[in-house]
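Below is one structure, written out as structure tokens; comments come after it.
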Amino acid sequence: MLVRDAMSTVVLTIGPAHTLRQAARLMAARRVGAAVVLDGDAGLGILTERDILTSLARDQDPDHETADAHTTHDVVFAAPTWTLEEAAEAMTHGGFRHLIVLDDRGPVGVVSVRDIIRCWSPLHSVAS
């Protein structure tokens with residue numbers, strides 16, 4: 001199975017000036033665990049629910065902390081044609097749970113550990 005078969009095509013994009021509260025609200029509304037941060041200077045980055053949680057654990061104010069201050073810019077991207085094994089290996093090696101999926105047009109999806117597990121689960125095979 002390929003990344004394009006498992007990825008979510010709901011790509012939440014935010015700007016670097018969004019506050020963490022704004023990002024969290026948008027992520028919750030769309031039921032996603034990560035947002036792609038589009039920054040004209042820094043390029044694409046990713047902000048995850050874990051980044052927001054870490055900020056809160058440090059007693060930082062989510063109404064003043066910006067996405068840019070918590071965005072990972074050193075991102076590993078996946079291609080839609082990667083196998084799920086390749087995506088899982090990249091996640092395991094990098095210690096992260098989300099990959100932005102890019103094609104020649106830009107971001108087309110996000111694949112998470114949960115997406116991969118769902119596809120590999122025997123229950124998913126029976127339900128399909």
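Both backbone and side-chain heavy atoms feed into the values below; hydrogens, waters and symmetry mates do not.
The cluster map of Ile, Leu, Val, Met, Phe, Trp and Tyr, joined by side-chain heavy atoms under 4.5 Å apart, puts V36 and I14 in different clusters. Both M7 and V76 are part of a single hydrophobic cluster, where members link through side-chain heavy atoms under 4.5 Å apart. By the rule that hydrophobic residues join a cluster once side-chain heavy atoms approach within less than 4.5 Å of another member, F77 and F96 end up as members of separate clusters. Connection of I117 to L84 is established within a shared hydrophobic cluster, with ILVMFWY side chains joined at heavy-atom distances below 4.5 Å, either directly or through further cluster members. Taken together through direct or relayed side-chain contacts under 4.5 Å among Ile, Leu, Val, Met, Phe, Trp and Tyr, V75 and V108 form parts of separate hydrophobic clusters.
The minimum heavy-atom distance between T81 and E86, with the atom names listed, is O-OE1, 4.4 Å. Contact record, L99 with A90: CD1-CB, 4.5 Å, taken as the closest heavy-atom pair. The minimum heavy-atom distance linking L47 with M27 is given by the pair O-CE, 4.2 Å. Considering all non-hydrogen atoms of both residues, P107 and V11 come closest at CB-CG1, 4.4 Å. Pairing each heavy atom of G95 with each of R50, the nearest pair is O-NH1, 4.4 Å. When all heavy atoms are compared, the tightest approach of A67 to G15 is CB-O, 3.8 Å.
Under the 4.5 Å side-chain criterion, counting only non-hydrogen atoms from C-beta, V111 is in contact with I116. The shortest side-chain heavy-atom distance between H98 and M91 does not fall under the 4.5 Å cut-off. Side-chain contact check for P62 versus L56: some heavy-atom pair is nearer than 4.5 Å. Using a 4.5 Å cut-off on side-chain heavy atoms (C-beta onward), I46 and I100 make contact. R97 is listed as a side-chain neighbour of E49, based on a closest heavy-atom distance under 4.5 Å. Residues H70 and L20 form a side-chain contact, since some pair of their non-hydrogen atoms from C-beta on lies under 4.5 Å apart.
Side-chain polar atoms of D115 and S112 form a donor-acceptor pair below 3.5 angstrom. A donor-acceptor pair shorter than 3.5 Å can be found between the side chains of D51 and T48.
Counting only distance, with no hydrogens or angles, the side chain of S8 and the backbone of V10 share a donor-acceptor pair below 3.5 Å. The main-chain N or O of A88 is found under 3.5 Å from a side-chain atom of T92 such that the two form a donor-acceptor pair. In this structure, T19 contributes its side chain and Q22 its backbone to a donor-acceptor pair below 3.5 Å.
Taking a 6.0 Å sphere around CG of D63, one finds it holds more than 12 heavy atoms contributed by other residues, nucleotides or ligands. Residue-environment remark: CD (E85) exceeds the threshold of 12 foreign heavy atoms within 6.0 Å. With a 6.0 Å radius and a threshold of 12 heavy atoms from other residues, nucleotides or ligands, R21 has its CZ atom above the threshold.
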| When you look at H18 and L26, which way does the side chain to side chain contact (heavy atoms under 4.5 Å, CB included) test go after all the steps? | CA-CA 10 Å; H18 276 80; L26 292 168; 4.1 Å; yes
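Shown are D103, L102, L2; of these, the side-chain contact (heavy atoms from CB on, under 4.5 Å) with P80 is made only by D103.
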